[in-house]
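Here's the structure we're looking at; comments come further down.
Remember, predicted model here, so these are calculated numbers, not experimental data. One-based numbering, in listed order, for ligands and for the atoms of each.
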Amino acid sequence: MNEFDLIAKYFSRRTAREDVLLDVGDDAAVVQVPPDKRLVAAVDTIIEGVHFLPGAAAADVGYRALAVNLSDMAAMGAMPAWMTLSLSLPSADETWLAGFATGLYDLADRYAVALIGGDTVRGPLAITVQIMGLVETDRWLTRRTAQIGDTVFISGEPGEAAGGLSILQQSLPQTVNAQRLIQRFLRPEPRVALGRTLRTLASSTIDVSDGLIADLGHICKQSRCGAHIDLEALPISSALRSCFDASKCEQMALNGGDDYELLFTVPPERLLTVEAAIAGGVRCTPIGRIVAGNGVECFRGGDRLAIEPRGYDHFS
Ligand code: ADP
Ligand code: MG
């Protein structure tokens, strides 16, 4: 199968989105951006052996390639709309491609994201998705606007994905709880709806891809402030607790990547509004506050603990 057959067979599905004026098949795609919206763009590459395990199921790889990008839209408070896909493949393996397309389109359909173009080359297995979304004029979220006195929240139960990865890597027994963690690693749920809710309420947001401390550190650096985390407030899931001891759970919650939860800050005067707005959605837990200074510090009771951020850095 040649490059063009491959694109035609797997990546040329027509979209129901009426704002796609021209998609796969031309030199570039054309979309309609409403006059009262801003275009929000992000790109993420996933590489075999770095972002997913060698030999991972193709459908899980397809899902992940889009999920990590949807998570970036969530962190901006944006509605995802369109994507392009750059695929580097060692060979045109049709079984793999069919699985990959299934995982990718399953998630794309759930969020009404249209695949509008891409590029296909032979090379080591690597997948780049560029996502584009829409946000109301002047209403996007950023990392740079946290204020001293804001409360720090985390969605979901951080550390579960790191637990799942560890279970896969060490081939630990696959109990029901272990399977839950593996699922959280393989199929992270992008928090798009939460991001939309927070858009007018949070003072800053980031999605946790590198680790909670590392990503909160990015908010601190860009907002020129510090943060305190109350370790006793960390929401550690019962599934994670059942698979690892308490100290390992805490480490995974603080430094594990791949959760794709939202970390966000809320000013004191909006706390009640936010709690009402997010009730009924994904669980969100207050875990600390923004303070003067710089960097992230962790406390247990009144004691400050030295915990080194060990977030992922490709070049460290
Ligand atoms: P060009 O030579 O102009 O770069 P290509 O031959 O790379 O065009 O691609 C042909 C068409 O197929 C383009 O419209 C491109 O957007 C689309 N395309 C290529 N690869 C993919 C892919 N993996 N997914 C979706 N669309 C793709
Ligand atoms: Mg090309």
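Checked by distance only, ligand 1 and G25 come closer than 3.5 Å through their nitrogen or oxygen atoms. Considering backbone and side-chain atoms together, I7 places no N or O closer than 3.5 Å to any N or O of ligand 1. Of the polar atoms of D27, at least one N or O is found under 3.5 Å from an N or O of ligand 1, judged by distance alone.
Residue pairs meeting the salt bridge (charged side-chain N to carboxylate O under 4.0 Å, His left out) criterion with at least one member in residues 206-232, sequence neighbours excluded, do not occur.
Under 3.5 Å, the side chains of S242 and N177 contain a donor-acceptor pair of N or O atoms.
The shortest non-hydrogen separation linking A67 to P190 is O-CB, 3.9 Å. Heavy atoms only, all atoms of each residue included: Y105 and Y10 are closest at CE1-O, 3.3 Å.
By the criterion of a heavy-atom distance under 4.0 Å, the backbone of D26, and not its side chain, is placed next to ligand 1.
At least one donor-acceptor pair closer than 3.5 Å links the side chain of S12 to the backbone N or O of I7.
Residue E3 has at least one heavy-atom neighbour below 4.0 Å for each of these atoms of ligand 1: 6 (O). Distances below 4.0 Å separate heavy atoms of G117 from the following atoms of ligand 1: 16 (O), 24 (N), 25 (C), 26 (N), 27 (C).
Judged by the shortest distance from any of its heavy atoms, F4 lies inside the 4.0 Å radius around the atoms of ligand 1.
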Residues 270-288, side-chain donor-acceptor partners within the protein, below 3.5 Å, at least two apart:
residue, atom, partner, partner atom, Å
R270, NE, L201, O, 2.7
R270, NH2, L201, O, 3.1
R283, NH1, E157, OE2, 2.8

